[in-house]
Amino acid sequence: MTGNGDAPELSEKEDRWQRYREAARDPEYASRLEAALGEWTAEEEFQVGQLVRWRQWLRNRQYPDADTPAIVVGFPDSKPVERHDDAELEDDDILLGFLDGDREFHVFRFTSRRFTAWSE
């Protein structure tokens with residue numbers, strides 16, 4: 001139960017669906033969708049050691065945090081298609097590293113088109 005009286009707590013999936021429906025009803029939804037496509041189709045080439053950040057509209061994971069740099073660690077030879085959601089398939093073609101709250105370095109595969117060069 002939540003603090004909203006007797007309303008049942010929504011599952012994460014139900015909550016995500018509700019937030020999507022609200023966003024999709026926003027009058028600016030179509031223009032935001034077009035902007036997201038523009039970000040998705042803009043490709044950049046990265047180099048090992050380069051700092052990158054999430055592109056606007058394209059962050060689909062918790063880490064690294066928005067507007068926080070990650071570092072390009074490499075480009076895997078094999079490019080398996082990863083499933084990040086019930087239906088979301090992507091070609092994870094870049095290895096990015098970041099430091100967590102304990103200052104431990106983590107490296108994960110990501111889809112490079114979700115990132116852009118980072119600048120302060």
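Values reported hereafter were calculated over all heavy atoms of this structure, with side chains retained and with hydrogens, waters and symmetry mates removed.
When hydrophobic clusters are built by joining Ile, Leu, Val, Met, Phe, Trp and Tyr residues whose side-chain heavy atoms come closer than 4.5 Å, directly or via intermediates, Leu99 is not grouped with Phe110.
When atom types are taken as modelled, the side chain of Arg55 and the backbone of Arg113 share a donor-acceptor pair closer than 3.5 angstrom. Without hydrogens or angle criteria, Asp15 side chain to Leu10 main chain gives no donor-acceptor distance under 3.5 Å. A side-chain donor-acceptor contact under 3.5 Å links Ser11 to the backbone of Glu14. Judged by distance alone, with hydrogens and angles left aside, the side-chain atoms of Asp102 form no donor-acceptor pair with the main-chain N or O of Glu104 at under 3.5 Å.
The 12-atom threshold is not exceeded at OH of Tyr20, counting heavy atoms of other residues, nucleotides or ligands nearer than 6.0 Å.
Residues passing the side-chain contact (heavy atoms from CB on, under 4.5 Å) test with Asp67, sequence neighbours excluded: Arg53. Not counting sequence neighbours, the partners of Phe98 by the ring pair (Phe, Tyr, Trp, His ring centres under 6.0 Å) test are Tyr63, His106, Phe108.
Between Tyr29 and Ala24, the shortest heavy-atom contact is CD1-CA, 3.5 Å. Minimum heavy-atom separation, Asp92 to Thr111: OD1-OG1, 2.8 Å. Taking every heavy atom of both residues into account, Asp93 and Phe75 meet most closely at O-CD2, 3.7 Å. Nearest heavy atom pair, residue Ala117 against residue Gln50, reads CB-NE2, 3.6 Å. Nearest approach of Leu95 to Pro76, heavy atoms of both residues: CG-CD, 3.8 Å.
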Exercise. Starting from the C-alpha separation in whole Å, work towards a yes-or-no answer on side-chain contact (heavy atoms from CB on, under 4.5 Å) for Glu90 and Arg114.
Key: CA-CA 10 Å; Glu90 295 192 17; Arg114 290 186 173 275; 2.5 Å; yes
Exercise. Could you go through the ring pair (Phe, Tyr, Trp, His ring centres under 6.0 Å) check for Phe46 and Phe115 one step at a time?
Key: CA-CA 9 Å; Phe46 302 114; Phe115 290 85; 7.6 Å; no
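Atom CD in Glu45 sits 9.5 Å away from atom OG in Ser112 (nearest 0.5 Å).
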Taking only distance into account, with no hydrogens and no angle test, what donor-acceptor pairs under 3.5 Å do side-chain atoms of residues 30-37 form with protein atoms, sequence neighbours excluded?
unit_1 : atom_1 : unit_2 : atom_2 : d
Ser31  : OG     : Glu28  : O      : 2.9
Ser31  : OG     : Glu28  : OE1    : 3.3
Arg32  : NH1    : Asp26  : OD2    : 3.4

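In summary, of the residues considered (Val72, Leu96, Ile71, Thr68), a side chain to side chain contact (heavy atoms under 4.5 Å, CB included) with Leu51 occurs for Ile71 alone.
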